[in-house]
Amino acid sequence: MLKKNPQRWFDKTYFKEKEEIIDIKKENIRNILGGRSNLHGSLKIEGFTNLKSVILKKLKLTSLEIINCPQLTRVDLSEFIKLESLFVSKCPRLTKLDFSHSQLYELTDLDVSNLIELDCSNTSIEELSLNLCPNIKKLICSNNSKLFSLDVSNCFKLEFLDCSLSKLTSLDLRNCPESIKIIKSPDLIITRTKDKIKNILIIGCTGSGKSTLANVLTGTEDFKESEYGVSKTERFHKKVFEWEGTKYCVIDTIGVGNTKLPIKKVTNRIAEGVYSIPEGICQVLLVIGKNFTDEVNTLGLFGSDIFEYTTIVRTKFSNFKSRKSCEKDKEMLREESVTNAKIIESCKGIIYVDNPPINILSYDGDDDDDDDDDDKEANIRINKKTREKSRSILLDHLEKVCQNEILLQM
Ligand SMILES: Nc1nc2c(ncn2[C@@H]2O[C@H](COP(=O)(O)OP(=O)(O)O)[C@@H](O)[C@H]2O)c(=O)[nH]1
Ligand SMILES: [Mg+2]
């Protein structure tokens, strides 16, 4: 049973109102159950009202969630060998976390509002965002040879940072105190630019074309576009670009309706992106692929004043160059329901674009097919041109509407 479902064993063994300490080590599982037992798979520790301390050692869990434990002050995870993701949320008294020396691949959704100290050195983490931990003072993430992205944009109190021996090449410390003590490798470039940047947040459902839109706007291929309708964006990514003398920063987010993740996690990951720009957002681009009503619901994650700062972007609209087609579509959307009409009225308009794929694969049959390669080249050229047209429509619009900023709350 333990091999497959540690949760059932856990739920029978520990009581939500009673436990003050949960202490599970490989050795004591063996004592209870004998043999070579260990905990495999996922475990959720949720709603323990009196829990003060969690000590887990040498377990083979792949995913761990600790949620809504109001008294929890200590979490000690050591020598985990298979942990792929850790999720901590709604534990207001938890100020210190240490999971160094774990085979941890992903540290997602670290939403610990009062966290002051974090040690996640010597792990396998690739990307780390501390934006939902605004009170953090000390961060040790050294010896993480796979770490290529660190975001501390919302960490205004960070006093100490050790990020030596990582893959990081640049780090933005613009919102951290000037007096921060930092230990880093000599080739890591620190930036602190406080240039005026207009921030653009892209939201919408999975597969609507958000990452593609981010590529089109930035004129790059840095954002991962999904193939076969499977979303590749698991967290937020951002990039600064310049257009006609104005600096913009695009923030691409995970799609709502991602079937692999519960809504709470999706919301958290969007929030990580939103709080990575504490200066505020100039415009939200709500990407609408097919289903207007579903996609518009994404806006419900934010306060109602978001509408004034939102442009609806209808992607995959091949007739985007025909004003008549766009007007007709707008009319149809308005007529669909009174709510739709109201939303369209409150937003900064609907922009129609088409951003067809440019990562078209070659023919991989046995015989050399030159015609096929020529077709592919021609397609890519046409699609690139279509994207350029979309880009100029979008940027012309942004130039007009990006006048003020809003601080989004989630
Ligand atoms: N033809 C066309 N395909 C698009 C457009 N936008 C996105 N796609 C395709 O739709 C799929 C999902 O796009 P992606 O940007 O990864 O969606 P995301 O999940 O919202 O980030 C990919 O296969 C894209 O090539 C568009 O405007 N036109
Ligand atoms: Mg995406």
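Counting convention: from 1, in listed order, for ligands and their atoms alike.
Each of the following atoms of ligand 1 lies closer than 4.0 Å to a heavy atom of Lys210: 15 (O), 17 (O), 18 (P), 19 (O), 20 (O), 21 (O). Near Ser211, meaning under 4.0 Å from any of its heavy atoms, are these atoms of ligand 1: 15 (O), 21 (O). Counting the atoms of ligand 1 from 1 in the order shown, those under 4.0 Å from a heavy atom of Thr315 are 27 (O). Listed by number with element, the atoms of ligand 1 under 4.0 angstrom from any heavy atom of Ser226 are 11 (C), 12 (C), 13 (O), 14 (P), 16 (O), 22 (C), 23 (O). Those atoms of ligand 1 with a heavy atom of Cys205 less than 4.0 angstrom away are 20 (O). Within ligand 1, the atoms closer than 4.0 Å to a non-hydrogen atom of Glu225 are 16 (O), numbered from 1 in the order shown.
Not a single heavy atom of Gly204 sits less than 4.0 Å from an atom of ligand 1. In this structure, Gly255 does not count as a contact residue of ligand 1, since none of its heavy atoms falls inside 4.0 Å of the ligand.
Counting heavy atoms closer than 4.0 Å to ligand 1, residue Ser390 contributes nothing at all.
Atom OG of Ser170 and atom CG of Asp187 lie 11.5 Å apart (nearest 0.5 Å). How far CD1 of Ile306 is from CG of Leu299: 5.0 Å, rounded to the nearest 0.5 Å.
Scanning both residues, Asp252 and Ser211, for their nearest heavy atoms gives OD2-OG, 2.7 Å. Between Tyr275 and Leu408, the closest heavy-atom pair is CE2-O, 3.9 Å. What you find for Ser325 and Phe317 is that their closest heavy atoms are O-CZ, 3.9 Å.
Remark: Glu331 engages Arg334 in a salt bridge, criterion side-chain N to carboxylate O under 4.0 Å.
The Mg ion (ligand 2) has an N, O or S atom of Ser211 inside 2.8 Å of it.
Taking the six-membered ring where the residue is Trp, Phe241 and Tyr248 present parallel rings, their angle staying beneath 30° rather than reaching 60°.
In this structure, of Ile358, Asp354, Ile202, the residue bringing a heavy atom nearest to atom 1 (N) of ligand 1 is Asp354. Checking Asn355, Thr386, Asn383, Val287 against atom 27 (O) of ligand 1, the nearest heavy atom belongs to Asn355.
Each of Arg391, Lys210, Glu221, Glu225 was checked for a side chain to side chain donor-acceptor pair (under 3.5 Å) with Asn215, and the lone residue meeting it is Glu225.
Distances between N or O atoms of Asp252 and those of ligand 1 include no value under 3.5 Å.
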